[in-house]
Structures are given as structure tokens and as C-alpha cells.
Amino acid sequence: MAKKRLAVFISGNGTNLNVILERKTELQSLLVICNNPRAYGIERAKEHGVPFWVLEKPIPWDSLHERLEKENLDGIFLAGFMKVIPAEFVKKWQGKMFNLHPSLLPHYKGLNSIERAFEDGADIGVSIHYVTAEVDAGEVLLQDIAVPSHQIPTMSLEEATTKTHECEHRLVGKWMDQWL
Ligand code: GAR
């Protein structure tokens with residue numbers, strides 16, 4: 001089967017992007033799109049010689065869609081992209097756009113998911129799901145527990161966060177195995 005073309009949207013550090021960058025030879029093409037000109041993820045893309053686009057403010061969603069169409073993408077992966085994507089844009093990519101979220105969806109949608117689950121003493125985990133117009137609500141494709149609730153009393157929030165990020169990196173790898 002032909003190799004696929006992927007765009008990864010990021011806003012920050014890009015540790016999950018890094019999992020994909022490390023496997024870029026398995027892709028036909030890889031493009032990084034970032035809404036934050038100071039994001040460390042841009043440095044990661046540069047190190048791997050992967051093209052990146054820095055988005056203007058406010059994000060010109062219509063022209064972005066047109067530019068992305070020209071790339072003949074097979075998929076878009078949101079790896080820590082912290083902007084809500086307008087429904088119109090989502091509709092155009094529905095079924096081809098995936099999001100990584102640091103909780104066991106449908107629990108703890110939105111921001112500060114790890115902190116909120118930790119404070120509640122609930123299982124902390126990671127999900128990868130299809131993106132739909134409603135935030136963090138599309139069908140879940142992959143999910144894993146990073147910290148089971150019974151371990152939370154023995155752990156600091158920092159430790160739980162580290163374990164969650166490690167779990168994310170594993171899950172992004174699994175998503176690639178499945179999607180490629
Ligand atoms: C990750 O924890 C990801 O799950 C989260 O942002 C972080 C990005 O880390 N995404 C969301 O919260 C989306 N709602 P990274 O830049 O090191 O990959």
C-alpha cells in the first residue's frame with residue numbers, strides 16, 4: 001500500500017510530535033502546523049528537516065483548508081493543538097482528523113484534564129479519537145490507563161503527569177501502527 005501524507009498540528013513542546021518525527025520515513029510526507037511561533041515543537045521539526053507552517057493570528061481557517069487540500073493529505077493529527085477548530089473546518093476533514101487527549105474520554109474533556117482527574121482520585125489515562133465539531137467528543141479509537149486510581153494516593157501530581165505523557169507517547173506509536 002502507498003505511504004500516507006500526514007499533517008500534525010501543535011501548539012507547544014511537541015513531545016508527541018516527536019514520536020511521529022522519529023518515524024517520518026514510514027510516511028510519504030509529513031508537515032507540521034503550529035499556531036505558536038515560540039513553540040519548541042518547531043525546533044523539533046527543523047531538526048528533522050520537516051517542513052512547518054506557523055499560522056497567522058487569527059487563524060485563517062478557510063485559506064488553511066485550501067492550502068492543506070493541495071497537500072493531498074490522508075490525515076491530520078492534533079498533538080497538543082490548543083485551539084478550538086471551527087465546525088466548518090472539522091466537517092471538511094471529518095473521518096481524517098484525529099486528536100490526542102490526556103484523559104479517559106468521555107471523562108475530563110477540555111483543559112487541565114490530568115490535574116482534575118488527579119484531584120478527584122480518578123483513573124488517569126489517554127485517548128485518541130476522531131475529531132468532530134463538539135470538542136473531545138468524537139469516537140474513541142485508542143485508550144489506555146496511565147495511572148490507575150489506586151496508585152494516586154502514593155504519587156505526586158508531577159509523577160502522574162510524567163506517567164501520563166509516557167502513556168501518550170506509547171499511544172501515538174500505536175495509532176501510527178494502526179493508521180499507517
Ligand atoms: C499533551 O499532553 C496532549 O495530550 C495535550 O497537550 C499536550 C501536548 O504535549 N492535548 C490537549 O490537552 C488537547 N486538548 P506535547 O506538546 O509535548 O506533545
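Owing to the predicted nature of the structure, the values given are computational and were not obtained by experimental measurement. One-based numbering, in listed order, for ligands and for the atoms of each.
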Can Phe52 and Ile10 be said to form a side chain to side chain contact (heavy atoms under 4.5 Å, CB included), step by step?
CA-CA 10 Å; Phe52 60 90; Ile10 61 163; over 6 Å; no
In the protein, which heavy atom is nearest to atom 16 (O) of ligand 1, and how far is it?
Gly14 N, 2.7 Å
Please test Tyr108 against Asp120 for side-chain hydrogen bond (donor to acceptor under 3.5 Å, both in side chains), starting from the C-alpha separation and ending with a verdict.
CA-CA 11 Å; Tyr108 303 103; Asp120 290 351; 2.5 Å; yes
If we count only N and O atoms by modelled type, under 3.5 Å, do the side chains of Ser11 and Asn36 hold a donor and an acceptor together?
no
Ligand 1 atoms in contact with Asn13 (distance to a heavy atom under 4.0 Å):
16 (O), 17 (O)
Of all the non-hydrogen atoms in the protein, which one sits nearest to atom 18 (O) of ligand 1, and at what distance?
Asn16 ND2, 2.8 Å
On a heavy-atom basis, which atom in Asp144 and which in Leu104 lie closest, and how many Å separate them?
O-CD2, 3.5 Å
Heavy-atom closest pair, residues His101 and Gly110
CE1-O, 3.1 Å
Check for me whether Ile10 has a heavy atom closer than 4.0 Å to any atom of ligand 1.
no
If we ignore hydrogens and angles and just use 3.5 Å, is the side chain of Arg23 paired with the main-chain N or O of Gly173 as donor and acceptor?
yes
Considering His101, Arg44, Glu168, which one's heavy-atom position lies nearest to atom 14 (N) of ligand 1?
His101
Residue and atom name of the nearest protein heavy atom (relative to atom 17 (O) of ligand 1), distance in Å to one decimal
Thr15 OG1, 2.6 Å
Is Asn99 close to ligand 1, meaning an N/O of one under 3.5 Å from an N/O of the other?
no
If the cut-off is 4.0 Å to any non-hydrogen atom of His165, which atoms of ligand 1 fall inside it?
2 (O)
Near Lys92 NZ, under 6.0 Å, is it more than 12 heavy atoms from other residues, nucleotides or ligands?
yes
For Tyr130 and Phe98, run ring-ring contact (aromatic ring centres under 6.0 Å, His included): C-alpha distance rounded to whole Å, both residues' side-chain angles, the deciding distance at 0.1 Å, then the answer.
CA-CA 5 Å; Tyr130 280 115; Phe98 309 87; 5.2 Å; yes
From the candidates Ser103, Gly80, Gly110, Ser127, the one that places a heavy atom nearest atom 10 (N) of ligand 1:
Gly80
Under 4.0 Å from a heavy atom of Leu100: which atoms of ligand 1 are those, numbered in the order shown and with their elements?
4 (O), 10 (N), 13 (C)
Identify the closest protein heavy atom to atom 12 (O) of ligand 1: which residue and atom is it, and at what distance?
Pro102 CD, 3.5 Å
